[in-house]
Student: 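Attaching a single structure in structure tokens format; questions to follow.
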Amino acid sequence: MSWAETLRAGLEAIRAHRLRSVLTMLGIVIGISSVILTVGLGQGAQDQVRKQIDALGSNLLIVSPGSTTSSTGMRGGFGSASTLTLQDAAAIGDSDVVPDAAAVAPTTTSSVSLVAGETNWTTSLVGTTTSWVDVRARELSSGRFFTAAEVEQAARVVVLGPDTVAELFSGPTSPVGQTVTIDGTPLTVIGVLSSSGASGSGQTEDDQAVVPLGTAKQLTGSASSSVSTIYVEASAADTLSAAYQEVNALLLNLHGVEAAEADFTIATQDSLVETANATNETLTVLLAGIAAISLLVGGIGVMNIMLVSVTERIREIGLRKALGATPTVIRRQFLVEASLLGLAGGVIGVLIGIAGAQVLPGLIGQPVSISLVATLGAIGTALALGIGFGVYPASRAARLTPIDALRSE
Amino acid sequence: MSAGGAARTTPVVEVEDVRKTYRSGTIEFEALRGIDMRINQGEYVAVIGPSGSGKSTLMNILGCLDVPTEGRYLLGGEDVSRMSEAELAHARNRRIGFVFQQFNLLPSLPAWRNVELPLVYAGVARADRRARAVRALERVGLGDRVNNRPGELSGGQQQRVAVARALVGEPDIILADEPTGNLDSASTTAVLELLDELHASGRTIVLITHEHDVAERAGRSLVIRDGLLADELVAS
Ligand SMILES: Nc1ncnc2c1ncn2[C@@H]1O[C@H](COP(=O)(O)OP(=O)(O)OP(=O)(O)O)[C@@H](O)[C@H]1O
Ligand SMILES: [Mg+2]
């Protein structure tokens with residue numbers, strides 16, 4: 001009996017027992033679609049993080065206060081005054097000290113309430129210098145960014161994020177030239193940022209008000225020279241680590257501390273991606289583990305039904321053997337049937353997974369990316385499950401002696 | 001099959017001191033207690049005997065569905081006890097056509113698909129199989145029932161489908177174990193006439209029955225009693 005013949009017989013047997021076949025596949029379908037979705041969710045989350053972090057700018061070092069190396073946790077971090085100052089930023093900007101830094105943008109961040117006419121909106125206020133727009137790789141959709149002179153004078157000007165504009169101003173007219181007030185202080189809108197392109201849920205990249213550093217200090221009534229973040233752009237991708245070393249050495253020196261007691265942290269985009277992915281990966285592995293268990297259960301389901309099927313068809317097997325079917329033929333017939341069920345379950349599972357990947361982001365606000373490798377892997381796994389769990393029932397069927405099989409009732 | 005005048009004396013079946021002991025747990029039962037027999041090419045042999053005498057046990061051994069506990073069985077000159085499972089399957093496929101008391105048709109397949117089964121395992125091409133299955137069905141008078149499933153056929157018709165299945169592969173022997181046991185007298189006559197016809201066309205037939213009038217059609221009757229060959233009646 002040829003393989004084509006065996007395949008046809010397998011398809012026939014599956015069609016003849018439609019309900020049973022569907023129930024058999026169900027376990028595999030559920031397992032495969034959940035694997036596809038969980039892996040897709042994890043992948044989607046990682047892609048999103050990558051995009052967000054890439055959107056921060058390129059060749060970026062992010063210097064923040066507080067230490068992650070200290071055993072006592074974040075030092076000088078939240079709550080207490082920042083350990084980073086404008087003087088730190090100025091020193092980093094000195095091309096003799098840090099030759100590999102192309103631009104530096106010290107930044108303060110606080111939460112404020114903006115008022116435009118009758119509307120008010122709470123957003124984050126970013127105080128910074130002119131290089132911010134380049135370092136953060138942002139563009140303006142209208143108007144302009146503030147000048148060095150305006151930073152010098154702490155001018156009453158503001159550049160708004162696109163989402164902020166949408167909240168404060170109705171209608172299509174550009175807000176450039178209009179006035180918003182913060183705590184009664186009027187500021188002139190001089191520009192609107194383009195969307196960063198990476199804003200997912202809870203992202204503030206497109207919802208912020210950017211003002212000169214001095215202006216922010218006045219608005220928040222802060223007299224100190226501390227800043228919350230210093231963005232440093234390295235001159236090129238291959239000078240990034242040199243810039244890292246230089247900034248690190250400079251700040252240790254300025255703050256007069258040993259490396260082990262550093263009161264600041266320097267992150268690169270890669271290190272941010274790694275940190276974010278580490279968290280995501282744990283979750284993905286956990287979910288994929290659960291999915292794998294359901295796959296295993298699906299495989300045992302196939303075995304179970306194939307065993308029932310062997311028992312149910314014991315007389316048929318006996319008859320086929322009496323008419324000349326060899327053990328190999330019988331074994332193949334059951335194996336082909338089991339692997340067809342596995343394969344079909346895998347394909348259906350993948351289709352449901354892909355459909356779910358279209359629907360799910362709308363429901364839970366998480367992107368799901370389906371990779372070709374994961375899809376082919378899932379189908380391969382389903383096929384392997386069918387074969388793996390079909391072997392035992394098939395060999396049992398093949399071992400039956402014709403007379404015992406024929407006589408059984 | 002050998003050619004020429006020797007055909008009628010070539011033994012297809014040679015059984016020497018065959019014994020069969022059934023074991024269930026600690027209980028042993030000797031169903032066959034030393035049978036010797038020989039069936040020649042083209043013979044029509046009936047095996048008769050009371051219920052429980054071992055007729056079906058013998059037929060299962062002759063059909064290679066079961067193996068004797070002791071003794072030698074040569075099928076077409078080949079020792080069956082030396083054969084592997086696959087070779088046994090092959091021997092059943094090529095040499096033996098079965099007709100069972102309970103028909104043993106697959107209910108999900110139409111008549112012709114039931115009939116073609118031996119050809120499937122013989123590796124005959126698909127197109128040929130259908131043609132040969134239809135011809136076999138025509139031969140048993142069911143040319144108009146080719147596409148009916150067993151459930152749509154009468155008992156007599158089902159048994160004729162089974163006869164068609166037994167003859168389609170042109171086996172050396174047709175083994176029929178009480179083929180008329182579940183049939184009314186009209187169907188019985190039809191099936192027995194079919195066997196007569198097959199015999200007339202040169203086929204070897206072994207018919208198991210406990211009805212003497214059925215056995216009378218055979219050229220020779222072997223009487224089995226308590227697992228032993230008790231008598232041999234040759235038709236005049
Ligand atoms: N699988 C088995 N296990 C144990 N004993 C068996 C088995 N099969 C048959 N026997 C016994 O062997 C003896 C012969 O059985 P067999 O089926 O050959 O009888 P038979 O001549 O065909 O009878 P009948 O005319 O009723 O069909 C019986 O006593 C039966 O109980
Ligand atoms: Mg019997």
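No experiment lies behind these values; they were computed from the predicted model shown.
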Student: Among the options B:His90, B:Gln102, B:Arg126, B:Glu87, pick out the one with the most heavy-atom pairs lying under 4.5 Å from chain A.
Tutor: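 Ranked by heavy-atom pairs under 4.5 Å with chain A, first place is B:Arg126.
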
Student: Please examine the side chains of B:Asn104 and A:Arg315, heavy atoms only from C-beta on, and report whether any two atoms are closer than 4.5 Å.
Tutor: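 A side-chain contact exists here, since the closest heavy-atom pair is under 4.5 Å.
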
Student: Would you mind checking which part of A:Ala325 comes under 4.5 Å of any heavy atom in chain B, side chain (CB onward), backbone (N, CA, C, O), both or neither?
Tutor: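 A:Ala325 touches chain B through backbone and side-chain heavy atoms alike.
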
Student: Is A:Arg399 salt-bridged to B:Glu85, cutoff N-O under 4.0 Å?
Tutor: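 Here A:Arg399 does not pair with B:Glu85 in a salt bridge, since their nearest N and O are not under 4.0 Å apart.
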
Student: Contact between A:Arg320 and B:Leu106 at the side-chain level, heavy atoms closer than 4.5 Å - yes or no?
Tutor: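 Counting from C-beta outward, A:Arg320 and B:Leu106 do come under 4.5 Å.
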
Student: With a 4.5 angstrom heavy-atom cut-off, is it the side chain or the backbone of A:Glu5 that approaches chain B, or both, or neither?
Tutor: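 The answer is the side chain of A:Glu5.
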
Student: Give the minimum heavy-atom separation between B:Phe98 and A:Ala322, together with the two atoms involved.
Tutor: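 That would be CE1-O, 3.4 Å.
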
Student: A side-chain contact here means heavy atoms from C-beta on lying under 4.5 Å apart; do B:Leu65 and A:Leu406 qualify?
Tutor: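 Sidechains of A:Leu406 and B:Leu65: in contact.
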
Student: Distance check, rounded to the nearest 0.5 Å: B:Cys64 atom SG versus A:Lys321 atom NZ?
Tutor: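 The distance works out to 13.0 Å.
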
Student: Relative to chain B, which segment of A:Arg313 carries a heavy atom at a distance below 4.5 Å: side chain, backbone, both, or neither?
Tutor: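 Contact with chain B is absent: no heavy atom of A:Arg313 under 4.5 Å.
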
Student: Is the shortest heavy-atom distance from the side chain of A:Glu12 to the side chain of B:Ser108 under 4.5 Å?
Tutor: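 Side-chain contact under 4.5 Å: no.
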
Student: Can you give me the closest heavy-atom contact between A:Gly324 and B:Tyr121, atom names plus distance?
Tutor: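 Looks like O-CB, 3.6 Å.
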
Student: Which bit of A:Arg8 comes within less than 4.5 Å of chain B, counting heavy atoms only: side chain, backbone, both or neither?
Tutor: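 The side chain, not the backbone.
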
Student: State whether the side chain of B:Asn93 and the backbone N or O of A:Leu323 hold a donor-acceptor pair below 3.5 Å, judged by distance alone.
Tutor: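 Answer holds: yes.
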
Student: Please determine whether side-chain contact (heavy atoms from CB on, under 4.5 Å) holds for the pair B:Leu109 and A:Glu316, giving the CA-CA distance in whole Å, both sets of side-chain angles, and the decisive distance to 0.1 Å.
Tutor: CA-CA 12 Å; B:Leu109 301 180; A:Glu316 173 182 339; over 6 Å; no

